[in-house]
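All ligand and atom numbering here is 1-based and tracks the order in the structure.
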Amino acid sequence: MSKTLAEKVIAQHVVEGKMEPGKQIGLKIDHTLTQDSTGTLAYLEFEAMGVPRVQTKLSLSFVDHNMLQNDFRNADDHRYLQDVAAKYGIIFSRPGNGICHQIHLERFARPDYTLLGSDSHTPTAGGMGMIAIGAGGLDVAAAMAGEPFYLEMPSIMGVKLTGKLTPFASAKDVILEILKLISVKGGVNKILEYFGSGVKTLGVPERATIANMGTETGATTSIFPSDNVTKAFLNSQGREDQWVPLAADEGAAYGEVLEVDLSEVEPLIALPHSPDNVKAVSDVEGTPVDQVCIGSCTNSSLRDLKTVAALLKGKKVSDKVSLTISSGSRQVLENLAASGDLVDIIRAGARILENGCGPCIGIGQAPQTDAVSIRTFNRNFKGRSGTQSAQVYLASPETAVAAALYGEITDPRKLAYYPKVTLPEKLLIEDSMFIFPTKPFKGEVRRGPNIKPLPSFPPVPAKLTGEVLLKTGDNISTDDILPGGSEVMSLRSNIPEISKYVFRYVDSGFADRALTKGGGFIVGGENYGQGSSREHAALAPKYLGVKAVIAKSFARIHLANLVNFGIVPLTFTDKQDYGAVAQGDTLEVDVKGLERNLRVKNTSKGLEFKVDLNLSDREKELLKAGGKLAAIKAKHEGK
Ligand code: MIC
Ligand code: SF4
C-alpha cells in the first residue's frame, strides 16, 4: 500500500501500537535535544531515573534561552547542564553557540531519523525530512533513558505546494498563509506533510522556517521530502554522506489536502496577539513602528540574514526604530562576517545581539510602553515581549527590513530592488563550541542553590473536590499560564519559587488563592495550553494544588504534561456546559477507575454535567502512579 512520507518514517520507528490515526503508538527516538530553560528540569528527571548513560544515537543539550547572567542563577544552571552532559554522554552546545533548532539543523539533522526535543519548535528539523516532535522535558528524559515516545498517531494533512515565490514573498509568508487558513488549532493531532512541484523551489532553511512555525497551527510536526536540495544543504555542511532520498509513494492518500500556490503568496503579517491573526502587509501599511527584531528559530538562518544584509546595504534604519539582529548560530554569524554582509548590517544601524533566543522569549529588548514591534519570530502572545502593552506583529525578514527603514509598516515590495541571495556551496564550519562527551566524567555534578529537588506527588485520589480557581477563555497559552521573561525564566529549576508566577498576568491573585483554598480546578475553553512545551506550566500549577483542568479541548504537548504530573485533564462532553460553571463554584468528581465518561457535580449550583477522560490505559497507569516520573522510577528500580 502506498505510504505518505510521514508514515514511512514513522513505520521505521514504531515499536508499539497500530499506525491508525487516533490510536496510541510508541516511537523509537534517535536524537533528543534539550535547551537550558526546559533542560534543567529534564535532566533532574533523567537523573532521578537512575540510568547511567543516554540510550539514544545522539543526545544534545543546548544553552540558548536564559543567556542573561544578572546573577548566579542562570550561570549555575549552565554549569549544571555542562556537568550532566559530560556525565551521561550528551553533546553540550556552549552558551553563545546559538539556538538549538538552527544548530541541530546545521550540524545534526538527517533524513529518516526521529528527534524528540524539549522545545515546541523541534519540528524545525522536519525541513530535513525528520520526524521531529516537541514534548515536555520528562518525555524527553524518558526517551534518553531508552523509553519509546508515546503519542496519538496523527492524521496526515498533505500540503501541496505549486508555483514559485515571487520577489519579496518568502517562506514566512507561506506559513502565515497556512495559519490564516487553518488557525492556531487547525493542526492539532495532525502532521503537515509538504509535497508538490513547489517544494524543490525552497531551500532547506526555507523549509525549516515553514516546519518551525507549523507548531503554531498546533500540529504534532511538519515534514518535507529529502531531495537534491537537501543533499546540497548537507553537502554545504560537509555531511553529504548522511543524505538519503525520501518522498511519499506515488498515490499516497492524505486525510485532507491543502493547496498553496507559491506564486500567489504575498507579504503577510500576523497582528497582535495571535499568530493566526494574519492580514496582507498592504492592509496595515502606514502603522508607525518603534522596534524591529530579526532572529529567532524561525528566521535566523544564513539565507535570512544575508537577505537582510543585502536589503540594508547602503541604507540607514529610521531614527524612530530600534532594530535588533540575533543570528541563529555562530556558524551563521561567522559566515556573515566572512562574506562582509555583517558590515552592511552594522552600518545600517542595527543592534547586534548574542546568538540565541533573546527578545523572542522576553530575555532583554522589551519594547517601550504601547510600542509597535515587528518581529520575525513565531509567537506574539500578549506580554511575551516583556511589555504588557506592546503590540507585537510577526512578519518575514523582508517585511521587517522595510519597516525598519521606513519607520512604519511597509509592503516590502516598495523596496523595489530585490537582491539575489545565493548561499555558498561550502560553508565555513567550526564546531569548537560543542563539547563532545569523550572523556569519563570525574567528580560531582555541581548544582547551584537555585536548583531545587523535584517535588513528588501522591497518586491521584478517588475523588476530586474543590473550587474553580480560575475560568479562562479559548486559546490560553503556556505563556499565559507561566510567563517567559528574564525574571521568571531564571527560576526554571526552582518549582516552589516559579509557582508564584502562575497566571501572573491573567489573574495576579491566582497563586495565593490556589494555596489558600488547598488547590482546586481550572476551567478552560478550546485549545487550552497552546504554545510552548514547558512542563513547568503543568508542574507549577500541580505544586499549587490544581487537581484537574476541565476544558473544551487541549493542546497536545500541554495535555501530555498534565498527565505526566498527575493533573487530571477532563473535556466537556457537551461544550455548552462550559457556560454553566463559574469561577468560585465548588465541584466534585469521582475519578476512581479513571473511567472515560464521568459526571461532575457543581455543588454550588446544584447541577451536574458530563465530562470525558479520554486517556489510554498507559496514561491512566501514569496518573495512578502519581505521574510519569514515579512510574518510570518504579520500573527501573524493579529491573
Ligand atoms: C518558547 O518559544 O515558548 C520556548 C521558550 O522556546 C518554549 C520552551 C520553554 O518554555 O522553555 C517552547 O517553545 O517550548
Ligand atoms: Fe527560542 Fe523563540 Fe525559538 Fe522558543 S520560539 S526556541 S524562545 S527562538
Side-chain angles (χ1 to χ4, degrees), residues 33-42 61-68 74 77 81 93 98-105 116-125 132-140 172 175 208-209 211-216 218 275 293-301 304 324-329 332 353-365 375-381 383-386 392 394 477-486 488-493 498 501 529-540 555-558 560-561:
L33 74 76
T34 57
Q35 40 86 343
D36 53 319
S37 64
T38 54
T40 48
L41 214 52
S61 172
F62 294 88
V63 180
D64 51 4
H65 282 66
N66 277 327
M67 304 287 283
L68 279 187
N74 291 339
D77 283 356
L81 293 170
S93 171
I99 306 174
C100 53
H101 310 303
Q102 174 66 26
I103 299 181
H104 180 265
L105 188 76
L116 193 71
S118 64
D119 190 280
S120 66
H121 289 103
T122 302
T124 311
I133 303 177
L138 187 45
D139 284 331
V140 178
K172 181 62 152 282
I175 189 64
T209 293
N212 170 285
M213 211 173 161
T215 297
E216 275 47 65
C293 299
I294 297 178
S296 91
C297 56
T298 320
N299 278 126
S300 60
S301 67
D304 287 336
T324 73
I325 307 272
S326 12
S327 53
S329 69
V332 170
L353 308 182
E354 193 167 17
N355 312 319
C357 302
C360 179
I361 187 62
I363 305 294
Q365 304 298 323
R375 299 172 163 220
T376 65
F377 306 166
N378 48 36
R379 291 187 173 139
N380 59 345
F381 302 136
R384 183 172 158 106
S385 64
V392 175
L394 307 173
S477 75
T478 53
D479 281 326
D480 295 317
I481 302 172
L482 196 60
S486 55
V488 188
M489 297 276 283
S490 60
L491 298 170
R492 285 295 183 93
S493 35
I498 207 170
Y501 292 85
Q530 70 159 330
S532 87
S533 67
R534 69 190 70 139
E535 55 191 348
H536 306 72
L539 183 50
R556 176 187 63 87
I557 308 180
H558 190 61
N561 286 338

Using a 4.0 Å heavy-atom threshold (strictly under), name the region of Arg384 that reaches ligand 2: side chain, backbone, both or neither.
-> side chain
List, ordered by chain and residue number, the protein residues whose closest non-hydrogen atom lies under 4.0 Å from any atom of ligand 1.
-> Gln35, Ser37, Thr38, His65, Asp119, Ser120, His121, Ile361, Arg379, Arg384, Arg492, Ser532, Ser533, Arg534
Any idea which heavy atoms bring Ile99 and Ser296 closest together, and the distance?
-> CD1-C, 3.6 Å
Do [X] and [Y] come close enough that some side-chain heavy atom pair is under 4.5 Å?
{"X": "Arg379", "Y": "Ser120", "answer": "yes"}
{"X": "Arg492", "Y": "Arg534", "answer": "yes"}
{"X": "Thr376", "Y": "Thr298", "answer": "no"}

Counting only protein N/O/S, how many atoms fall short of 2.8 Å from atom 2 (Fe) of ligand 2?
-> 1
List for me each residue that meets side chain to side chain contact (heavy atoms under 4.5 Å, CB included) alongside Gln365, sequence neighbours excluded, and say none if there are none.
-> Gln291, Thr324, Arg351, Leu353, Pro359
Can you name the side chain to side chain contact (heavy atoms under 4.5 Å, CB included) partners of Ser490, sequence neighbours left out?
-> Arg73, Asn74
Measuring from Cys360:SG to His65:NE2, what's the distance to the nearest 0.5 Å?
-> 7.5 Å
In Å and rounded to the nearest 0.5 Å, what is the CZ to CG distance from Phe377 to Asn299?
-> 9.5 Å
List the steps, then state whether side chain to side chain contact (heavy atoms under 4.5 Å, CB included) holds for Cys357 with Gln35.
-> CA-CA 11 Å; Cys357 302; Gln35 40 86 343; over 6 Å; no
In ligand 2, which numbered atoms sit nearer than 4.0 Å to a non-hydrogen atom of Asp119?
-> 6 (S)
Apply side chain to side chain donor-acceptor pair (under 3.5 Å) to Thr40 and Asp77, showing your working.
-> CA-CA 7 Å; Thr40 48; Asp77 283 356; 4.6 Å; no
